[in-house]
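Working notes, structure below.
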Amino acid sequence: MSGLAEHNTGSGAVRDAHRFDEGALACWMRQHVDASAGELVVEQFKGGQSNPTFKLVTPRRSYVMRRKPPGPLLKGAHAIEREARVLAALERARFPVPHVHGLCTDDAVIGTWFYVMDLVEGRIFWDAALPEVPRRERLDYIDALNRTLAALHAVDYKAIGLADYGRPGNYFQRQIERWSKQYLADSEAGRDPLMDRLVAWLPTAIPPGDETAIIHGDYRLDNVIFHPQEARIVAVLDWELSTLGHPLADFAYSVMMYRMPPEIVPGLAGADLARLNIPDEADYVEAYCRRTGRRRIEHLDFYIAFNFFRLAAVFHGIKGRVLRGTAASAQAHQRVEVLPELIALAAEQARRAGMQGEGV
């Protein structure tokens, strides 16, 4: 089992930093989810350290709960109510997401807001090389990843009640400003010269043109559940960063796997794609263009550089939570360990997109 899989697979006892009144949750479950739920057993998934995620086991079935982390939070972060809303809307559009049973916005129940959704059975892959999949089938699995994202971007967000889910237009400007502010505000996590350089350069290099779609914001192989036997995605998970935004930003985040070392998040950098029978970056881009009616994607290097920067800002925030004692999982500590490498990769992608200057 890979290091990422070991840190993220399975569930166990609730970590000390995330304990809550399980009896109060059981009472809420009987009132809002399943009146005959019976005895409740709570386990915590190894992953989901940003918004702690729990397995709720009852005699008849199991559920998943996601909650805000305890302790002080940065403004706008961990908005689990947005996750619940987008899941419910996309289910109406027949997009593959878990069914949400209920959202609780009463801190008095377990100390933070939370929601409960279905536990979807299937396979999650932590290695983008897909060693568990027969070689002849790997093209189909990567193509399913591509096809599902193209389908998301084709959803009419206004028709499913998400017209106010974000602000259309100027996505890159707003996102760069948001993540720069969060990076600069987290003084406990410290500063990095390359991150400071990216904060200064990215707003000056935003390409022309704009589009708006529902975007996932963290769309990668380990955030989808595949059918137990088929190359078909049955659920897309982790909608914490979803909003209305530029679909090419979302797509470039998916393309990022081709330039990402596997020890950070599932990536294919350095892999022999032909031997693995996995489409290369150019083929992956062409498939998305074909599905979305595009001739090509200009400025792809900038879009990827932006995504490396944003992911580095997310990991920087995790570092701050580790230092404050509110992120205690092994996954959180692994994120902190790879942060310097991730920042260096972000700077390298920015250099490919035209950033110049000392230290780049």
Side-chain angles (χ1 to χ4, degrees), residues 1-12 15 43-55 62 64 66 96-98 119-135 137-149 216-241 253-273 275-279 281 284 307-308 311-312 314-315 318 322 327-339 341-342 345:
M1 182 180 291
S2 71
L4 283 173
E6 184 178 357
H7 287 155
N8 291 279
T9 302
S11 58
R15 296 189 284 273
E43 301 174 356
Q44 185 166 9
F45 287 105
K46 289 183 179 180
Q49 53 75 38
S50 180
N51 283 334
T53 306
F54 304 83
K55 183 178 182 180
S62 296
V64 172
R66 276 171 66 85
V97 290
L119 175 68
V120 179
E121 299 290 349
R123 290 182 292 174
I124 297 178
F125 298 109
W126 296 97
D127 185 339
L130 300 175
E132 308 95 328
V133 175
R135 182 182 182 276
E137 298 178 14
R138 290 174 187 155
L139 281 171
D140 295 334
Y141 279 80
I142 297 299
D143 195 57
L145 194 70
N146 187 296
R147 181 175 62 252
T148 302
L149 186 59
H216 180 274
D218 197 13
Y219 188 81
R220 59 182 195 241
L221 190 67
D222 55 308
N223 276 338
V224 304
I225 299 176
F226 281 89
H227 184 277
Q229 289 88 33
E230 301 172 12
R232 176 168 57 87
I233 292 173
V234 294
V236 179
L237 308 176
D238 289 351
W239 292 82
E240 180 182 354
L241 299 177
Y253 186 90
S254 181
V255 177
M256 191 167 62
M257 69 179 169
Y258 287 99
R259 308 184 190 186
M260 180 70 72
E263 69 269 14
I264 296 179
V265 295
L268 293 166
D272 186 341
L273 300 180
R275 182 183 64 81
L276 292 169
N277 193 34
I278 286 176
E281 180 180 309
Y284 191 79
N307 277 297
F308 268 97
L311 187 61
V314 170
F315 280 26
I318 293 171
V322 167
S329 72
Q331 183 196 34
H333 288 275
Q334 186 266 346
R335 299 298 201 222
V336 175
E337 290 174 4
V338 301
L339 177 58
E341 181 182 3
L342 181 58
L345 284 165

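These values consider heavy atoms only, across backbone and side chains, with no hydrogens, waters or symmetry-generated copies.
One distance of note links CG of Leu145 with CG of Asp140; it measures 13.0 Å at 0.5 Å rounding. Of the inter-residue distances, the one linking Leu273 atom CG with Ile278 atom CD1 reads 6.5 Å to the nearest 0.5 angstrom. Atom CG in Leu268 sits 11.0 Å away from atom CE in Met260 (nearest 0.5 Å). With values rounded to the nearest 0.5 angstrom, Asp238 atom CG is found 8.0 Å from Asp222 atom CG. Rounded to the nearest 0.5 angstrom, Asp218 CG and Leu311 CG are separated by 7.5 Å. To the nearest 0.5 Å, atom CD1 of residue Ile233 and atom OG1 of residue Thr148 are 3.5 Å apart.
Checked against ring-ring contact (aromatic ring centres under 6.0 Å, His included), Phe308 has no partners two or more places apart in sequence or in another chain. Not counting sequence neighbours, Tyr258 has no partner by the side chain to side chain donor-acceptor pair (under 3.5 Å) test. Taking the side chain to side chain donor-acceptor pair (under 3.5 Å) definition, one finds that Glu281 meets it with Arg259, sequence neighbours left out.
Using a 4.5 Å cut-off on side-chain heavy atoms (C-beta onward), Val265 and Val338 make no contact. Side-chain contact between Met257 and Ile142 is present, with at least one heavy-atom pair separated by less than 4.5 Å. In this structure, the side chains of His216 and Trp239 come closer than 4.5 Å at one or more pairs of heavy atoms. Under the 4.5 Å side-chain criterion, counting only non-hydrogen atoms from C-beta, Pro261 is in contact with Leu345. Annotation: side chain of Val64 is not in contact with side chain of Leu237 (no heavy-atom distance under 4.5 Å).
In terms of heavy atoms, Ala269 sits closest to Pro262 at O-CD, 4.3 Å. Taking both residues in full, the closest heavy atoms of Arg135 and Arg275 are given as NE-O, 2.7 Å, listed atom of the first, atom of the second, then distance. Of all the heavy atoms in Val322 and His333, the pair that sits closest is CG1-CE1, 3.5 Å. Between Leu276 and Ala129, the shortest heavy-atom contact is CD1-CB, 3.9 Å. Glu121 and Val234 make their closest contact through O-CG2, 4.1 Å (heavy atoms, listed as atom of the first residue, atom of the second, distance).
Judged by distance alone, with hydrogens and angles left aside, the side-chain atoms of Gln44 form a donor-acceptor pair with the main-chain N or O of Arg15 at under 3.5 Å. Judged purely by atom type and a 3.5 angstrom limit, Arg147 has no side-chain atom pairing as donor or acceptor with the backbone of Arg232. Between the side chain of Glu240 and the backbone N or O of Gly217, no donor-acceptor pair lies under 3.5 Å. No donor-acceptor distance shorter than 3.5 angstrom exists from the side chain of Arg220 to the backbone of Pro266, with no hydrogens or angles considered. Panel note: side chain Asn51, backbone Arg66; no donor-acceptor pair is recorded below 3.5 Å.
In this pair, Phe226 and Tyr141 present their aromatic rings tilted. The plane angle is within the 30 to 60° band.
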Tell me, with the steps shown, if Leu339 and Arg335 meet side chain to side chain contact (heavy atoms under 4.5 Å, CB included).
CA-CA 6 Å; Leu339 177 58; Arg335 299 298 201 222; over 6 Å; no
